[in-house]
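None of these values were measured; they are calculated from a predicted model. Reckoned from all heavy atoms, side chains included, excluding hydrogens, waters and symmetry mates. Both counts, for ligands and for their atoms, begin at 1 and track the order of listing. Positions are given from 1, in the same order as the sequence printed here.
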Amino acid sequence: MKVYRGISVSKGIAIGKVYCYTQKLYKVEKRAVIDIAGELERLEEALLIAKAQLADLYEESLNSVGEVHALIFDIHKMMLEDDDFLDTIKKGIVSGYNAEYAVYEAGNTHEKIFLRMEDEYMRARAIDVKDITGRLLRILKGISETEIITDEPVIIFADELSPSETVKMDKSKVLALVTSKGAINSHAAILARSMNIPAVVCEGINITDNFRGKEVIVDGYSGEVLIEPDKESVLTAIKKRENEETEISSLRLLKGKENITCDGKKIDIYANIASVQEVNAALEADAGGIGLFRSEFLYLSRTDFPTEEEQFHCYKDVATKMQDKKVIIRTLDIGADKKAECLKMKPEDNPALGYRAIRICLDKPEILITQLRAIYRASAYGNIAVMFPMIVSLEEISRIKELIQYVKDALLKEEYKVGNVEVGIMIETPAAALISEELAKEVDFFSIGTNDLIQYTLAIDRQNEKMQHYFETLHPAVLKLISMTVINAHKQGIRVGICGELAADTTLTKTFLDMNVDELSVSPAEVLKLRRMVRSL
Ligand code: PEP
Ligand code: MG
């Protein structure tokens, strides 16, 4: 048995035989051409076919992975329309070479540009350039796409998978994915997660045909890949998978049940989501609402800002899917560990204490106004509330209220329908907790962000691995701030929830119930586990 340790990019356990997925190799010849116009025409035809294929792929993936993830194929289409990319290809042809060679060279150049980028997310986009270049080359050379031909479900071993290769895979035939390259943020990884396929990126594996047909275990929890596992490891993996299944079915029985303790105390359990796609998981987990919709994802994966229209559709989609259940949308919380290329932010010495979240939004109100317009327009389609991150002062709230009024007036003038949107803030700085009595008079609800509250109270960087043990036990200072916030909120008759990771810590559920916290918002996977804990108390 050989064990490789990689990074888990999608959870789950799989046992099965290896299928080595290799791209069809094709040589790209460098050929001098005289008929430049004819070659440019070939390119235009290939571009048209590629765009039609991507439109089909978008439609196909709408069902399998949902609208937000399907968007990658729309982005591929836009990349095929990118002036820089097209100019590089055309220059290659005009300088006297065949279309294949020009596409290949332009693809290489642009891939390198992405690979040199500082931002991890943007670096991962190199595979998208490779994906569209490969598509164009296949079309120009008349080669069909690589298919997985197998009768039984298999574990795919590949160097790297592009988004279109991942989404094209027949889910019933794929038990797990193991690649030697790829990032946790790559679209292939994101798609694997939304398709519920365990996946591991293992740089140590040199994917060769030698693995073909070998039995392996893929542990999408630990990131381990066991080649030709011994009997004991197989039994352990089977047991782990059985436990996973038993846990899932025992939790399933809690669906539709109340979040109520044995002595009748109730608490709301909501879900945290970071994409439209996750709404399904929240509904599946029977969450009472969305307690935190991290809207950053709309801004992270791109170099331009999302438009009002794009945001509106996304928020409307979530609100409609949740029907009359509450959806709390948190406005842009960018900065610190979340870098958005579109903001072109300069490096800072202390980014967690710097230009982030509401500070950016109040400094560049046009960003917040666009987002608020989208949120308020979407509010006509469901039960939407809006929440602002990183608040430290009453002045920020006054400014926010002015902007909200401005947006509402403008929308009503434009004859848009606007719902009744509750306005809340996150209590995630010690300053906000300490002045929560005053803040509570100004807003409709609080949501305590314990991730940042811990970071700022204890002066420990939440990104620093060496500091993680500080997060393991709850410091009384943090508990005091939470308790103070709850008391102050209730004094003013407003609701208070907890949406940081601490909400999912079942050793604290009783403490939070005793404090009279109104709502706990956790990742969809934790909702039913928390319900089980509440019902056991
Ligand atoms: C928090 O800080 O607890 C929180 C929920 O916000 P985020 O983790 O997105 O900063
Ligand atoms: Mg936070």
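- Looking at Tyr315 and Gln371, their side chains do bring a donor and an acceptor atom within 3.5 Å of each other.
- Here Arg294 has side-chain heavy atoms under 4.0 Å from ligand 1, and that is the only part of it that gets that close.
- Taking only nitrogen or oxygen atoms, main chain and side chain alike, Asn451 reaches within less than 3.5 Å of ligand 1.
- At a heavy-atom distance under 4.0 Å, no atom of Asn272 approaches ligand 1.
- Only the side chain of Arg462 comes within 4.0 Å of ligand 1, judged by heavy-atom distances.
- Of the N and O atoms on the side chains of His490 and Asn516, not one donor lies less than 3.5 Å from an acceptor on the other residue.
- Considering both main-chain and side-chain atoms, Thr450 comes within under 3.5 Å of ligand 1 through a nitrogen or oxygen pair.
- Looking only at atom types and distance, the side chain of Asn272 has a donor-acceptor partner in the side chain of Ser521 under 3.5 Å away.
- Contact between Arg330 and ligand 1 is present, with at least one heavy atom of the residue lying under 4.0 Å from the ligand.
- Near Gly500, the atoms of ligand 1 lying under 4.0 angstrom from a non-hydrogen atom of the residue are 3 (O), 5 (C).
- Of the residues His313, Glu414, Glu309, the one that meets the side chain to side chain donor-acceptor pair (under 3.5 Å) test with Arg377 is Glu309.
- Per residue Asp452, closest N, O or S atom to the Mg ion (ligand 2): atom name OD2.
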Begin with the C-alpha distance, continue with both residues' side-chain angles, and end with the deciding distance and a verdict on side-chain hydrogen bond (donor to acceptor under 3.5 Å, both in side chains) for Asp363 and Tyr355. CA-CA 9 Å; Asp363 182 45; Tyr355 194 57; 2.3 Å; yes
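- Taking the Mg ion (ligand 2) as reference, the nearest N/O/S atom within Glu428 carries the name OE1.
- In this structure, a donor-acceptor pair under 3.5 Å is present between the side chains of Asp219 and Ser222.
- In this model, a donor atom of one side chain and an acceptor atom of the other lie less than 3.5 Å apart for Gln405 and Asp409.
- Within the coordination shell of the Mg ion (ligand 2), defined by N, O or S atoms under 2.8 Å, Asp333 is absent.
- Only the side chain of Leu292 comes within 4.0 Å of ligand 1, judged by heavy-atom distances.
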